[in-house]
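Written out below as structure tokens is the structure these notes cover.
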Amino acid sequence: MEDASVAEFSWDIRSPIERALVVGPYGALGEAGVSLTEIRNFDLVQVMARRGKAAEMTKPAKARFGVAAPEMPKAVSTADATLIWSGPDQFFVLSKGGKHTTEALVQTFASSASLSDQSHARVLISISGPKGRMMLAKLSSIDLHPDAFPAGAAATTSMDHTSVTLWRGNDRPDGQAVFNVLVFATFAESLWHTMLDSAAEYGVEIGHSEDLA
């Protein structure tokens with residue numbers, strides 16, 4: 001047995017769409033109308049009020065983040081986190097750097113909410129560019145016009161029969177709208193290909209980043 005080989009396993013964390021994501025241009029030639037960027041290495045915690053504790057959850061949330069947790073379909077950004085409505089009496093905490101991990105939030109919501117770490121269960125895709133909204137309109141029944149879906153608006157919806165959390169972040173410096181999509185990791189590659197197909201006619205710039213939009 002001394003000469004027997006032992007398989008070596010790598011436990012490096014890889015993106016669920018790493019195989020499908022090819023950095024660079026895609027689709028129509030010329031200036032890209034859509035930018036598709038996967039955001040990697042983020043912390044995502046779902047905070048869910050316990051039965052009858054929704055009001056009690058409000059105070060510690062505001063003390064922790066400096067803003068009230070959204071009680072309607074909205075996304076609220078702070079200096080180091082984004083709170084995203086994910087359903088009645090629940091919201092996501094999206095952040096970087098380990099400050100707002102599940103372990104870090106346990107004491108904050110010890111008596112009012114249950115926590116679920118979703119950091120490796122979801123894929124985060126940022127969509128921008130002059131044709132970004134038109135691409136998303138092919139996949140979602142939500143009215144994404146700025147008057148109906150301004151910066152900070154959020155929704156739980158479906159795209160190509162896939163459940164997602166969608167919100168509009170802050171506009172880019174050039175004024176282009178930025179949309180963010182959270183999708184379950186198991187469905188992410190399928191939705192990614194669907195987005196590419198929908199955006200191909202506009203030209204796509206594909207990339208990945210560790211910076212939250």
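Between Leu94 and Leu212, the closest side-chain pair of non-hydrogen atoms falls below 4.5 Å. Under the 4.5 Å side-chain criterion, counting only non-hydrogen atoms from C-beta, Val34 is in contact with Ile127. Using a 4.5 Å heavy-atom cutoff, the side chains of Met48 and Phe109 are not in contact. Within the 4.5 Å cutoff, no side-chain heavy atoms of Thr37 are placed close to those of Ile125.
Between the side chain of Arg50 and the backbone N or O of Ala113 there is at least one donor-acceptor pair closer than 3.5 Å.
Remark: Thr162 engages no residue in a side chain to side chain donor-acceptor pair (under 3.5 Å) (not counting sequence neighbours). With sequence neighbours left out, Phe65 forms a ring pair (Phe, Tyr, Trp, His ring centres under 6.0 Å) with His100.
Among Met135, His208, Glu205, the single residue meeting the side-chain contact (heavy atoms from CB on, under 4.5 Å) criterion with Leu36 is Met135. The residue from Leu136, Val183, Ile142 that alone fulfils the side-chain contact (heavy atoms from CB on, under 4.5 Å) condition with Met159 is Leu136. A side chain to side chain donor-acceptor pair (under 3.5 Å) with Ser128 holds for exactly one of Gln176, Arg133, Arg172; it is Arg172.
Under the 6.0 Å distance and 45° angle rule, Arg122 counts as a cation-pi partner of Phe184.
The pair Lys131-Glu31 fails the salt-bridge criterion, with no side-chain N (NZ, NE, NH1 or NH2) lying under 4.0 Å from an Asp/Glu carboxylate O.
Linking ILVMFWY side-chain heavy atoms closer than 4.5 Å, directly or via other members, places Phe91 and Val106 in a single hydrophobic cluster. A single hydrophobic cluster is not seen to contain both Trp85 and Val178; linkage of ILVMFWY side chains at heavy-atom distances under 4.5 Å, directly or through other members, places them apart. Tracing side-chain contacts under 4.5 Å through hydrophobic residues (I, L, V, M, F, W, Y), one reaches Val123 starting from Leu196; they form part of the same cluster. Residues Phe179 and Trp167 fall into different hydrophobic clusters, defined by Ile, Leu, Val, Met, Phe, Trp and Tyr side chains chained together at heavy-atom separations under 4.5 Å.
Around the NZ atom of Lys96, the shell of radius 6.0 Å holds more than 12 heavy atoms that belong to other residues, nucleotides or ligands. More than 12 non-hydrogen atoms from other residues, nucleotides or ligands lie less than 6.0 angstrom from CD of Glu56.
Identified under the side chain to side chain donor-acceptor pair (under 3.5 Å) test for residues 19-30, with sequence neighbours left out: Arg19-Glu189.
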